[in-house]
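Report on the following structure.
The residues of the chain are indexed from 1 along the displayed sequence. Just so you know, these numbers use all the heavy atoms, side chains as well, and skip hydrogens, waters and symmetry mates.
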Amino acid sequence: MNQHQLTIAASHRPEVLERILRVVRHRGFEIKTMQMAQTLGPEQINIEMTVASHRGIELLSTQLTKLIDVNSVNVTHNKTQQIRA
């Protein structure tokens, strides 16, 4: 299973986080870690999350950039984790 770390810059609005989480779920990714912080300005937030899936990260990052309040999406780290049964 591949793990990817995303950094998302978005507008600070109540519904933004819900939209992002819905897209992550609908695209078949599992959130492993997530951290959100307000930037220097009161109108923007940064969200850092680690997601895991067998799917390509492009499926998720492309859809996230289409969200109206998302300003940018950066994939900052990619690693493969082997799962043992």
Side-chain angles (χ1 to χ4, degrees):
M1 184 174 285
N2 294 323
Q3 286 194 359
H4 307 275
Q5 187 172 357
L6 301 172
T7 303
I8 303 167
S11 300
H12 188 232
R13 298 177 46 96
E15 64 274 10
V16 171
L17 185 58
E18 291 178 35
R19 288 183 185 143
I20 290 170
L21 294 175
R22 184 177 58 232
V23 169
V24 171
R25 180 174 51 91
H26 281 288
R27 292 295 167 202
F29 286 78
E30 179 182 346
I31 296 175
K32 296 296 187 179
T33 65
M34 185 173 77
Q35 183 176 13
M36 184 179 82
Q38 192 170 350
T39 61
L40 298 176
E43 298 159 1
Q44 179 129 351
I45 56 172
N46 283 337
I47 302 168
E48 292 185 13
M49 66 172 59
T50 302
V51 296
S53 180
H54 292 292
R55 298 176 175 208
I57 192 64
E58 301 81 24
L59 294 172
L60 178 60
S61 61
T62 301
Q63 292 302 312
L64 288 173
T65 57
K66 292 180 182 180
L67 292 176
I68 192 164
D69 291 316
V70 171
N71 300 326
S72 67
V73 177
N74 294 315
V75 179
T76 56
H77 191 253
N78 182 1
K79 65 180 179 179
T80 303
Q81 178 183 14
Q82 295 205 0
I83 298 177
R84 298 176 190 230

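Of all heavy-atom pairs spanning Lys32 and Ala52, the tightest one is CE-CB, 3.7 Å. Nearest heavy-atom pair, Ser53 versus Gly28, reported as atom, atom and distance to 0.1 Å: OG-O, 3.1 Å.
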Exercise for review: Go through Met34 and Leu21 one step at a time and tell me if the side-chain contact (heavy atoms from CB on, under 4.5 Å) criterion holds.
Suggested key: CA-CA 11 Å; Met34 185 173 77; Leu21 294 175; 4.0 Å; yes
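Sorted by first and then second residue, the side-chain hydrogen bond (donor to acceptor under 3.5 Å, both in side chains) pairs involving residues 10-25 (not counting sequence neighbours) are Arg13-Glu15, Arg13-Asp69, Arg19-Asp69.
Checked against side-chain contact (heavy atoms from CB on, under 4.5 Å), Thr39 has the following partners two or more places apart in sequence or in another chain: Gln44, Asn46. When the side chain to side chain donor-acceptor pair (under 3.5 Å) test is applied to Gln38, no partner is found at least two apart in sequence or on another chain. Annotation: side-chain contact (heavy atoms from CB on, under 4.5 Å) contacts of Glu48 (sequence neighbours excluded): Gln5, Thr7. By the side-chain contact (heavy atoms from CB on, under 4.5 Å) test, Met36 pairs with Leu17, Ile45, Ile47, sequence neighbours left out.
To the nearest 0.5 Å, atoms OG1 (Thr50) and CD1 (Ile31) are separated by 10.0 Å. To the nearest 0.5 Å, atom CE of residue Met1 and atom CZ of residue Phe29 are 10.0 Å apart. Atom CD1 of Ile8 and atom CG of Asn71 lie 11.0 Å apart (nearest 0.5 Å).
Lys66 has its side chain out of reach of Val23: every pair of non-hydrogen atoms, C-beta onward, lies at least 4.5 Å apart.
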Using residues 57-64 as the side-chain source, report each donor-acceptor pair under 3.5 Å to any protein atom, sequence neighbours left out, with the distance given to one decimal.
unit_1 : atom_1 : unit_2 : atom_2 : d
Ser61  : OG     : Ile57  : O      : 3.3
Thr62  : OG1    : Glu58  : O      : 2.8
Gln63  : OE1    : Arg27  : NH2    : 3.4

